[in-house]
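The block underneath contains the structure these notes are about, expressed in structure tokens.
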Protein chains: 2
Amino acid sequence: MKNSDFVAVRCEECPIRHRAVCARCDGDELAILESMKTYKQYAAGETILWRGEPLDYVASLVHGVASLSKTMEDGRTQMVGLLLPSDFIGRPGRTEVEFDVVATTELTLCRFERKPFEKLVVETPHIAQRLMELALDELDAARDWMLLLGRKTAREKIATFIDMLAQRSLASGSANDLKLELPMTRDQIANYLGLTLETVSRQFNALKKEGVISLSGRKEIEVVDLLALRTATGDDSDGGMLS
Amino acid sequence: MKNSDFVAVRCEECPIRHRAVCARCDGDELAILESMKTYKQYAAGETILWRGEPLDYVASLVHGVASLSKTMEDGRTQMVGLLLPSDFIGRPGRTEVEFDVVATTELTLCRFERKPFEKLVVETPHIAQRLMELALDELDAARDWMLLLGRKTAREKIATFIDMLAQRSLASGSANDLKLELPMTRDQIANYLGLTLETVSRQFNALKKEGVISLSGRKEIEVVDLLALRTATGDDSDGGMLS
DNA sequence: GTCTTTTCTTGATTCAGATCAAGGAATGCA
DNA sequence: TGCATTCCTTGATCTGAATCAAGAAAAGAC
């Protein structure tokens, strides 16, 4: 499904119903959320929130990909998170964000006004618990990324990135095969991995030359040898164990 | 106060009473925690928890410093967090940790058995809310660290590290001056910053040579020129604004 | 369909920080 | 008080990835 095809759906039929902030909600709770929500679309490249901007809405990402990034005064930037469908933007008690939130692809948000939502959180433990889980998952992901940024080689970083996409593709079940679409440009991948775009390009092509992956077009990638890919990530020696 | 001097105290007199997981608790809630808690001491270098080990206790760090670290199969390690007094170990719904938790200095934990504590969390919104805040603070810190690991130079990393210690020293109020005690060896600092110990040593001595800091003994450091230090961190151009 | 822009690739060169190597200075222990 | 260990410094060299520099190949615009 292309994002532009997306139209508002009832919560029961929502693709992220069972993973988003509403995952634990029962029918009554869902009805309240249903009455509060509005959908909003963003084009690829559009900035959703600027760092320090006051947060009028919180939102779930319905589909598409967004990135969180920090920028230094001299222009160096580092992505500090990647938001995938079901991820949440906005935190209880926080009135602004610490980073820019940018639409990496075309995307759709399911938005709630912040103040009424926060009131709802206090009254609805199912939502508060789910928010906590989502925050802890992000914390785990951030820590894995710290290991990658601090200690992995360029090759390991690229392999880890591709493996992460492959994992998610397998998990979402939709994907039958190991053909993936890169949701970002080389430049954005470089910002995510703490590399330069040239190094990203070279490492992609090195893995291709070795027959680990194949590339066709700019954004199509196929994992040819998952075992070799896992080995190249530098992670656990059970690299061969397909999850 | 040296850690070894620490003796059990009543919660009302606890040094972390207003910042730890119990920060929002009222008298009755505090009484329950009081009845559940036990103190435990660890020596510097002792491992508190191994990665993957089941979590029988959760705990607040009363004083001392602990580190969270991840290790790759070939021995490369990266610290993914530093625990300071009032920080919390253990998360609702998590039965094990994803990293090793090691005592960096001698330290004291205020521990609670995990299961009864989790029951208490569900019944006590004051605790649940505070846990959420602590998790979000950690997430912010992790993201700042990602920028540091991915994009900062060795010099900027060292300056940021020293500045962080200085901030905390000023915040805790106790410290009158900008004399700090490094809580870690060069090797541990290197693991924290994604560097090698040689580079850490060189950068410390470079900043010393320039008159930004002064070093005496292994662990004593004094910030001589805070403005220059802030500039060297590479962060916001308002580096001079002493917060 | 042609022109323009953006994105990607590839090569040459440089450089920051890693690695290798050797001492020196604290610290702790007997 | 001496010995051993751990921790730190400093120098020499190496190297992985950054930077500099062209072009080529898509994608989009008109």
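Protein chains get the first letters and strands the later ones, always in sequence-line order, with residue 1 at the start of each.
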Gap between atoms CG and C1', on Leu197(B) and dT19(C) respectively (whole Å): 11 Å
Gap between atoms CG and C1', on Leu182(A) and dC8(C) respectively (whole Å): 12 Å
d(CG, Asn191(B); P, dA18(C)) in whole Å: 11 Å
With a sphere of 6.0 Å drawn around CZ of Arg19(A), does it hold more than 12 non-hydrogen atoms of other residues, nucleotides or ligands? no
Integer-rounded Å distance: dA25(D) C1' and Arg186(A) CZ: 12 Å
For Phe204(B) and dC7(D), what is the distance between atoms CZ and P respectively, to the nearest whole Å? 15 Å
For Arg155(B), enumerate each residue passing the salt bridge (Lys or Arg N to Asp or Glu O under 4.0 Å) test, keeping only those at least two apart in sequence or located in another chain. Glu210(B)
Any chance you could measure Leu215(B), atom CG, to Glu220(B), atom CD, to the nearest 0.5 Å? 10.0 Å
To the nearest Å, give me how far apart NZ (Lys209(B)) and P (dT10(D)) are. 6 Å
Strictly under 4.0 angstrom, non-hydrogen atoms only: write out the protein contact profile of nucleotides 22-30 of chain C, one letter per nucleotide from the 5' end, B, S or -. ---BS----
If the sugar-phosphate is the primed atoms plus P, OP1 and OP2 and the base is the rest, what is the B/S/- string for nucleotides 16-21 of chain D, using protein heavy atoms under 4.0 Å? -SSBB-
To the nearest 0.5 Å, how far apart are CG in Leu182(A) and OG1 in Thr105(A)? 12.5 Å
Measure from the side-chain heavy atoms of Thr185(B) and tell me the nearest of dT9(C), dC8(D), dT7(C). dC8(D)
Would you call the rings of Phe161(B) and Tyr192(B) parallel, tilted or perpendicular, where under 30° means parallel and over 60° means perpendicular? perpendicular
Nearest whole angstrom, please: distance from the C1' of dG28(D) to the NZ of Lys219(A). 13 Å
Pair Leu107(B)-Leu109(B), side chain to side chain contact (heavy atoms under 4.5 Å, CB included): steps then yes or no: CA-CA 7 Å; Leu107(B) 60 81; Leu109(B) 297 183; 3.9 Å; yes
Residues Thr233(B) and Glu156(B): side-chain donor-acceptor under 3.5 angstrom: no
Can you tell me how far apart CG (Leu83(B)) and CZ (Phe88(B)) are? Round to the nearest 0.5 Å. 11.0 Å
Just how far, in rounded Å, is P of dA27(D) from CD of Glu181(A)? 11 Å
Could you check whether any side-chain heavy atom of Asp144(B) comes within less than 4.5 Å of a side-chain heavy atom of Lys70(A), counting everything from C-beta outward? yes
